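Just so it is clear, the values below take in all heavy atoms, side chains as well, and ignore hydrogens, waters and symmetry mates. All values derive from a computational prediction rather than experimental measurement.
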Amino acid sequence: MNLGLATQTLNTTHEQRTTNCGYGKNMNEMTMQKSLKKPGNKTQASAGRTAAVKLTEHIVEIISDSGEGAQKCGQSLGAIAAQMGNGIWTTEIIPAEIRPPARSVAGASGNRIRIGSGTITNGGDETDLVVAFNEQVLLGRVRAKELKPGCIILLESMWRSHAEPKIAASYIETYDRVVAAGYKVYEIPMEQECRTLVADAKRGKNMFALGMLCHLYSLELKLAVDQIVLAFGKKDQSVVDANIKLLEGGHKWAEANLDFCYSIPATRATEPQIVVNGNTALALGVLASGMEICAMYPITPATSASHYLSEVFENVGGMVHQAEDEIAACAFAIGASYASKCTVTITSGPGYSLKQEAIGLAVMGEIPLVVVNVQRGGPSTGQPTKMEQGDLMTAIFGSHGDAPKVVMAPGTIEECFYSIITARKIAETFNMVVVVLTDAGLATSQQPFPRPKFSDTWMAPPVDQSPVPEGAKPYDWDETTGLARRFIPGQPGGMHTLTGLAHDRDSHVAYDAEINEQTLRFRSLKLAALQKTLKAPPVFGDPKGDLLVVGWGSTKGAIEEAVEAMRAEGHKVSSMHLQFLQPLPPGIKEIMQGFKNVMTIESNWSDRPEDKIIDESNRRYSSVAILLRSRYLVDVDCWSEVRGEPIKPGTIRRVMMQKLKK
């Protein structure tokens with residue numbers, strides 16, 4: 001089956017790299033010039049080859065105003081490093097406004113790339129090196145405390161001599177402040193150099209920066225050229241050629257003018273890899289699951305999943321339906337599912353809120369449906385481009401009346417792919433709504449993982465059009481499991497009226513008190529039946545100890561990295577990550593009882609005990625902490641951070657240490 005996988009397969013890796021920064025003819029057969037004119041600024045480094053400093057990992061950011069291509073630069077850098085055999089994790093830096101004012105502190109747009117020798121599971125802590133296209137977006141990152149002390153900054157220097165005195169003064173003031181703060185700043189004449197290569201320097205500066213970074217991190221320029229061909233292949237050849245020229249120009253300039261570079265040894269991959277973000281992984285999961293219809297309405301940060309599907313879905317007989325609004329998208333999906341084709345609808349928090357009444361119809365009619373909610377900051381419009389885990393309780397308990405739904409949360413980009421396959425299977429096996437919760441952090445981050453090997457077991461079975469046995473009823477619920485055979489329109493003998501009203505086994509409207517309670521019971525039993533098929537979640541670390549950290553969703557990588565570091569220091573800490581939130585899998589209580597303390601780490605709000613007015617009688621706990629406390633009657637503490645950014649492993653280590661000291 002062709003999944004329409006428009007990504008490069010990483011089936012070649014590199015165990016060794018040159019020890020000098022600069023490759024001569026090994027780098028795309030380029031002749032490196034050593035006589036480039038250097039700006040006369042005191043922070044400019046001397047020219048010449050420099051021995052590469054070997055590192056185990058580094059974090060680099062490329063930031064600019066929106067529309068200058070910093071995100072494309074960062075994504076390309078990550079893909080190139082992954083092809084070299086490195087572990088990578090990219091995190092998009094997105095302003096809250098779709099198009100913020102140029103040169104604004106809050107308007108930084110770009111990408112954060114963590115490159116390592118081994119597997120990388122999260123964005124890491126503070127940044128080691130920044131490429132900034134102006135001083136204002138740099139200032140925003142400094143104020144956000146995202147940069148490591150002594151961080152290297154490659155700063156576009158064109159603003160120093162800007163014709164507008166206020167802009168020039170702002171640049172000089174910011175430059176002086178960051179230098180005084182201990183950052184090592186290199187002023188780079190990016191625009192000036194790009195003008196010697198192309199007419200529109202602003203549009204090509206990102207590829208010049210990519211060339212510099214390929215030199216600084218000892219990445220093969222040929223792979224970068226291939227990445228440009230892939231990224232711009234649908235455009236005119238002149239666009240491809242111009243971007244390659246800028247890439248090579250940036251590489252030449254950095255080799256001739258910068259006095260430092262790094263080498264991060266790669267680990268050989270044992271099988272082909274792909275590099276995609278979470279939304280693309282979701283879309284690929286839709287294709288692989290056998291679902292043929294996606295109904296959606298555009299909403300940040302979920303839209304890119306349906307964009308990808310719209311490009312490739314036709315190749316495998318699928319269809320993307322863009323409805324006039326979120327409610328219509330959900331209703332369309334329910335209708336398609338009822339007609340036999342289990343359908344997915346993809347949205348984010350505000351859209352999920354609008355869909356809830358229709359989701360209730362799918363619950364009442366017991367119609368299979370997969371709903372993906374790519375969570376973002378809320379409530380209301382909230383922070384459309386920022387990550388948060390605030391929709392769990394809505395997913396479990398949302399809707400008027402009792403509306404049982406299965407709720408899953410993938411913890412990695414790879415799990416985004418496989419969770420959709422699992423969700424489709426559960427939806428059709430149990431005739432239920434399955435909600436898959438990801439978030440903006442997973443949606444826009446990239447990470448390599450083993451290329452999925454297609455299995456026929458992923459696919460939906462053929463539509464059953466055999467005659468319905470005589471006497472069978474459309475809601476002939478099993479007394480133990482609550483399951484009933486699904487009737488497909490067109491099956492001989494299966495004609496019935498579908499209703500969202502309370503109904504009996506024949507799908508006849510029924511207001512009888514006993515029948516209503518019976519139907520509630522059967523719909524709830526299906527969750528219990530599913531729970532009996534689940535395995536206890538694995539424990540990362542020892543099964544007993546001083547502290548167990550429980551997480552869900554995109555915090556998985558950061559939590560496990562922090563736990564691993566703490567264990568290396570001799571602390572008795574472990575973690576448990578929940579992929580199923582409803583129903584909760586078996587064995588959780590027994591796992592928690594093996595630890596002196598249990599706490600959750602989440603990106604949804606919980607009251608801080610240090611606030612004067614907060615005590616045990618009024619404290620609001622984070623979502624999973626509430627679920628665990630109420631379900632298992634275990635004293636589960638919680639810590640949460642809702643800053644719109646992924647929680648850093650260093651922050652989690654600090655929180656765990658504080659908990660151990662209490």
Side-chain angles (χ1 to χ4, degrees), residues 21 38-47 50-65 70 74 77 91 93 103-116 123-162 167-190 209 212-213 215-217 253-254 257-264 565 641 643 645-654 657:
C21 292
K38 296 176 290 180
N41 189 279
K42 63 182 179 180
T43 61
Q44 181 60 46
S46 60
T50 306
V53 176
K54 187 174 287 188
L55 303 172
T56 56
E57 70 166 60
H58 226 225
I59 300 175
V60 58
E61 288 187 9
I62 305 99
I63 50 174
S64 69
D65 290 334
L77 179 68
T91 305
I93 301 166
R103 289 180 45 80
S104 60
V105 172
S109 175
N111 219 298
R112 189 173 194 265
I113 309 95
R114 187 182 183 191
I115 307 173
D125 293 311
E126 290 79 17
T127 300
D128 298 289
L129 184 147
V130 177
V131 179
F133 287 12
N134 68 66
E135 84 288 350
Q136 291 300 302
V137 293
L138 171 64
L139 190 57
R141 302 302 287 169
V142 171
R143 289 179 179 174
K145 300 179 180 178
E146 292 289 349
L147 310 188
K148 186 175 291 185
C151 174
I152 294 173
I153 298 169
L154 307 183
L155 180 61
E156 166 63 80
S157 62
M158 62 176 283
W159 311 103
R160 179 177 284 277
S161 56
H162 197 275
I167 291 178
S170 169
Y171 175 88
I172 293 169
E173 179 187 0
T174 301
Y175 172 86
D176 291 341
R177 286 172 62 184
V178 295
V179 169
Y183 299 112
K184 188 172 183 180
V185 183
Y186 292 80
E187 292 189 279
I188 311 293
M190 284 185 271
M212 290 197 302
L213 291 168
H215 165 74
L216 292 177
Y217 288 98
W253 191 93
N257 291 277
L258 296 178
D259 64 348
F260 66 96
C261 61
Y262 307 108
S263 174
I264 303 174
E641 181 179 83
R643 298 170 56 86
E645 304 289 343
I647 303 175
K648 293 179 169 54
T651 301
I652 296 172
R653 287 180 65 184
R654 172 179 56 80
M657 189 64 74

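- Residues forming a side-chain contact (heavy atoms from CB on, under 4.5 Å) with R103 (at least two apart in sequence, or on another chain): D65, N134, E135, Q136, W159, I167, S170.
- A distance of 5.5 Å separates CG in L77 from CG in L213, rounded to the nearest 0.5 Å.
- Scored by the side-chain hydrogen bond (donor to acceptor under 3.5 Å, both in side chains) test, S157 finds no partners at all (sequence neighbours excluded).
- Interatomic distance, I63 CD1 to F133 CZ, rounded to the nearest 0.5 Å: 9.5 Å.
- Not counting sequence neighbours, the partners of E156 by the side-chain hydrogen bond (donor to acceptor under 3.5 Å, both in side chains) test are K205.
- Under the side-chain contact (heavy atoms from CB on, under 4.5 Å) criterion, V142 pairs with L138, L147, V178, Y183, sequence neighbours left out.
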Tabulate below the donor-acceptor pairs under 3.5 Å that side-chain atoms of residues 51-62 make, not counting sequence neighbours, or state none.
from : atom 1 : to   : atom 2 : distance (Å)
E57  : OE1    : R114 : NH2    : 3.0
E57  : OE2    : R114 : NE     : 3.1
E57  : OE2    : R114 : NH2    : 3.3
H58  : ND1    : Y217 : OH     : 2.8
E61  : OE1    : R141 : NE     : 3.0
E61  : OE2    : R112 : NE     : 3.3
E61  : OE2    : T127 : OG1    : 2.8
E61  : OE2    : R141 : NH2    : 2.8

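- Scanning for side-chain hydrogen bond (donor to acceptor under 3.5 Å, both in side chains) contacts around E146 gives K648, with sequence neighbours left out.
- Evaluation of the salt bridge (Lys or Arg N to Asp or Glu O under 4.0 Å) rule for E645 yields K386 as partners, not counting sequence neighbours.
- Among residues two or more places apart in sequence or in another chain, the side-chain hydrogen bond (donor to acceptor under 3.5 Å, both in side chains) test is passed with K148 by D128.
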Under the criterion side chain to side chain contact (heavy atoms under 4.5 Å, CB included), I'd like the reasoning laid out for T91 against I93: C-alpha separation, chi angles, the key distance, then a yes or no. CA-CA 6 Å; T91 305; I93 301 166; 5.8 Å; no

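- With sequence neighbours left out, the salt bridge (Lys or Arg N to Asp or Glu O under 4.0 Å) criterion links R654 to no other residue.
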Audit row: Y171, L155, side chain to side chain contact (heavy atoms under 4.5 Å, CB included) steps and yes/no: CA-CA 10 Å; Y171 175 88; L155 180 61; 3.5 Å; yes

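- Rounding to the nearest 0.5 Å gives a distance of 5.0 Å between CD1 of I264 and CD1 of I115.
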